Amino acid sequence: MQLNKLEIKGFKSFGDKITINFNEGVTAIVGPNGCGKSNVVDAIRWVLGEQSTRMLRSEKMENIIFNGTKTRKPANLAEVSLTFDNTKNILPTAFSSVTITRKLYRTGESEYRLNDVQCRLKDISDLFLDTGIGSDSYSIIELKMIDEIIANKEGSRRNLFEEASGISKYKLRKKQTFSRLKDTEADLSRVEDLLFEIEKNLKTLENQAKKAERYYRLKEKYKILSLVLASFRIVSFRTSLNELEVLEEAQNEGKHVLGVKIEQLDAQIQKHKFNSLTKEKNLSVQQKATNDFVTKIRAYESEKKIKNEQLKFLQDKERRLTEDLDKDKAQLQHIHYNMKRLNEDRLQEEQNLNSLVQALNELKEEVDELRQQQTSGKAKLESTQKQNAELQNQVYTIEKEVDILNIQQEALLQESKRNIEDTQNRETEIHEFNKVTVDLESKLAEKQTQFHKMKQQEDDVKEQIIRLEENINANKDSLSQNSRKADAKQNEYNLTKSMVDNLEGFPESIRFLKKNAQWNKNAPLLSDILFCQEEYRIAIENYLEPLMNHYVVQSFDDAIEAVKLLSNASRGKANFFILNNLQRSENITTHAPADSAPALSVVDVDKKYQALAEHLLQNVFLVEDEREDSLNNQELENGLVLIAKSGKFFKSKHLLSGGSVG
């Protein structure tokens, strides 16, 4: 035997109906504090018959009913159901699945059900006896019970061993036997009192026995005389029997006619079954459409996840580009600094070059002066050879100085050449540096362009993400609205179906006839055969409201049969339209008001009930609500009825009815 599922509705914190399935391998319920684990254990103990409010952690029993919240009303009852698998026949019952249910109403009424059949608590206790399952058993253990078992509080460990070994069943029987023995001892103590009372009443009983003997003698005489009287009556009964046989033949003929009608009604039942199958197919199509919507929603959620990943990738890419841009800016600042330093070096070199050129010019002037002096010396040497010897040393010294100056001049020339070459090299480096600077500036411009493009793309992606999030939110809103509408429609369908199945709102007589197998269940109500356009439904219903619960039967006998059933069962009264007594009315010309529409033109019925519809709506016309004042003083023909299209009023020659529309 295995616990299959637990259904809870309106018990403690479970306001809505929930179902917990205990599949194979499930042995425990875990969760954080306050999630309702203890309430699940309390629900199982309660449905198994727990009567102690202390064990249910409540002051009084009615506190276990869901007490409502700020936004929800309190529940009217608490209901818990347990379903067990009995394929191994551990429970002494023929059912393979056993469901026990306990209900507690806020009025204080309580009931137990076994497989949806009302029973006693003792029946449930006897059913689960010696199975290890009960309100105080250890097959269902909550957290605090483990501490009690370890501490052996109130002999809990002994109870656990006794339950596991099967002794608890015999202890219960022993307790019941002792209580019976006490009752028997109490009865034995009263035996003497009863004997005294019996002896005291013995004489009275003897007198009563004599009277009884006399009664039996008179009864035998009465029996003989009754037989004589019956023999005389049998002669008269024979003539009545012949008459009854004639009536029986007539009834058999009527039975044959009813059999033909039953076959026709069976054909109609098959037709209604076919219509119900068509509606079920339409329902399955709507269910399929709902599943398609769910699939689309899941696709939208997966697309949202993809967009979120793309957004993360773009954010990472933006971060990397920002880091590259910062590096490029730092490199650009470094380049600007190098350019500034090279410009300063170039200016310094230009200053050095200018100073060298100036020194070279001064040396050239000195050389020119020396050459002029040499020319004057040679002239003096030719003119004054005498002085030549004296001045040879001076000339030699001057020549040596000239040679030194020439060497210095050559050295200066070479140094100037080197300076010129260095200047050219520096100019070449500056030129190349300018080229690199131009390239870097172009690259910087490209990077800035790329940065602007990426920033624009990022803005576009952000806008696209915002639009997608708006679409997702809109889809979520539409989904939630569709879910709420679907739930509302499902609840409306369930409520309508339960109301239709239980005939809610109908008189007791109609519910009795619908569920009575001795009467024709296929006889419809007027509300079942009358179909109207939605625009005029309220107006027609308000006008025909007193007649909507009238049965439509074929013959007078059907109505008489239903009346007899209602009278015998004292279930109220019902009204009937008899189709055989109705004839198609001829078209009678009536002077209807202008801008009015016949009620028969907006009503649709089967041909079988056309005569009834004409009888009820022959002279009924629909008018606009705005014409109410203009019709106040208008004289209507006898039988002519005007109805407002909204159902606000209807008016005949001697009658006006109206008010708010229900």
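Source: prediction; values computed, not measured.
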Q: Looking only at non-hydrogen atoms, find the nearest pair between Ser13 and Asn39 and report the distance.
A: OG-ND2, 2.9 Å
Q: Are Leu6 and Val80 close enough that some pair of their side-chain heavy atoms sits under 4.5 Å apart?
A: yes
Q: For a quick test of reading the model, state the closest non-hydrogen atom pair linking Leu525 to Val552 and the distance between them.
A: C-CG2, 4.3 Å
Q: Just by distance, do the side chain of Ser110 and the backbone of Lys103 share a donor-acceptor pair under 3.5 Å?
A: yes
Q: Given Val605 and Leu530, is the side chain to side chain contact (heavy atoms under 4.5 Å, CB included) satisfied, shown in steps?
A: CA-CA 6 Å; Val605 296; Leu530 204 62; 3.4 Å; yes
Q: Are the side chains of Pro74 and Arg106 in contact, using a 4.5 Å heavy-atom criterion?
A: yes
Q: Taking 4.0 angstrom as the limit, do Arg120 and Asp123 come out as a salt bridge?
A: yes
Q: Please check if the side chain of Lys573 supplies one atom and the backbone of Ser567 the other of a donor-acceptor pair under 3.5 Å.
A: no
Q: Is there a side-chain contact between Thr53 and Ile64, using heavy atoms and a 4.5 Å cut-off?
A: no
Q: Rounded to the nearest 0.5 Å, how far does NZ of Lys5 lie from CG of Asn23?
A: 11.5 Å
Q: Hey, what do you get for CG (Asp292) to CD1 (Ile297), rounding to the nearest 0.5 Å?
A: 11.0 Å
Q: Does any non-hydrogen side-chain atom of Asp606 lie less than 4.5 Å from one of Ile529?
A: no
Q: For residues Ala75 and Ile65, report the shortest heavy-atom separation together with the two atoms involved.
A: O-CG2, 3.4 Å
Q: Could you state the interatomic distance from CG (Asp324) to CZ (Phe451), rounded to the nearest 0.5 Å?
A: 11.5 Å
Q: Would you confirm whether Lys37, through its side chain, and Gly31, through its main-chain N or O, come within 3.5 Å as a donor-acceptor pair?
A: yes
Q: Got a sec: does the CZ of Phe22 have more than 12 other heavy atoms crowding it under 6.0 Å?
A: yes
Q: What heavy-atom pair brings Gly10 and Ala78 nearest, and what distance separates the two atoms?
A: O-CB, 3.4 Å
Q: Are Lys489 and Gln286 packed together at the side-chain level, in the sense that at least one heavy-atom pair is separated by less than 4.5 angstrom?
A: no
Q: For Lys182 and Glu185: C-alpha separation, side-chain torsions, deciding distance, then whether salt bridge (charged side-chain N to carboxylate O under 4.0 Å, His left out) applies.
A: CA-CA 5 Å; Lys182 288 182 180 178; Glu185 289 175 356; over 6 Å; no
Q: Count the heavy atoms belonging to other residues, nucleotides or ligands that lie under 6.0 Å from CZ of Phe576, then report whether that count exceeds 12.
A: yes
Q: Should we say atom CD of Glu59 is surrounded by more than 12 heavy atoms from elsewhere, each under 6.0 Å from it?
A: no
Q: Cut-off 3.5 Å, no hydrogens considered: what does the side-chain donor-acceptor table look like for residues 304-321, sequence neighbours left out?
A:
unit_1: Asn308; atom_1: ND2; unit_2: Lys304; atom_2: O; d: 3.2
unit_1: Arg319; atom_1: NH1; unit_2: Glu323; atom_2: OE2; d: 3.4

Q: Which value, rounded to the nearest 0.5 Å, describes the distance between Lys296 atom NZ and Asn475 atom CG?
A: 10.5 Å
Q: Parallel, tilted or perpendicular: which fits the ring planes of Trp46 and Phe11, with parallel below 30° and perpendicular above 60°?
A: tilted
Q: Could you tell me whether the side chains of Thr87 and Ser96 share a donor-acceptor contact shorter than 3.5 Å?
A: no
Q: Using every non-hydrogen atom in the two residues, find where Leu121 and Gly49 come nearest and quote the distance to one decimal.
A: CD1-CA, 3.5 Å
Q: Strictly distance-based, threshold 3.5 Å: is any side-chain N or O of Asn86 a donor or acceptor partner for the main-chain N or O of Val98?
A: no
Q: Dump the intermediate steps for side chain to side chain contact (heavy atoms under 4.5 Å, CB included) on Tyr105 and Glu111, then the final yes or no.
A: CA-CA 9 Å; Tyr105 297 90; Glu111 64 175 338; 3.3 Å; yes
Q: What's the separation between atom CG in Leu544 and atom OG in Ser527, rounded to the nearest 0.5 Å?
A: 10.5 Å
Q: Going through the distances and angles, do Asn575 and Leu547 end up as a side chain to side chain contact (heavy atoms under 4.5 Å, CB included)?
A: CA-CA 8 Å; Asn575 302 303; Leu547 308 176; over 6 Å; no
Q: Do Lys9 and Glu7 meet the salt-bridge criterion of a basic N to acidic O distance under 4.0 Å?
A: no
Q: Return the minimal non-hydrogen interatomic distance between Pro524 and Tyr609, and the atom names on each side.
A: CG-OH, 3.6 Å
Q: Looking at side-chain heavy atoms only, is the closest gap between Arg45 and Val41 below 4.5 Å?
A: yes
Q: Rounded to the nearest 0.5 Å, what's the gap from CZ on Arg484 to CG on Asp477? Could you check?
A: 8.0 Å
Q: Any salt bridge between Arg298 and Glu301, counting N to O under 4.0 Å?
A: no
Q: Show the numbers, then the answer: is there a salt bridge (charged side-chain N to carboxylate O under 4.0 Å, His left out) between Arg113 and Asp116?
A: CA-CA 5 Å; Arg113 288 185 171 272; Asp116 208 19; 3.8 Å; yes
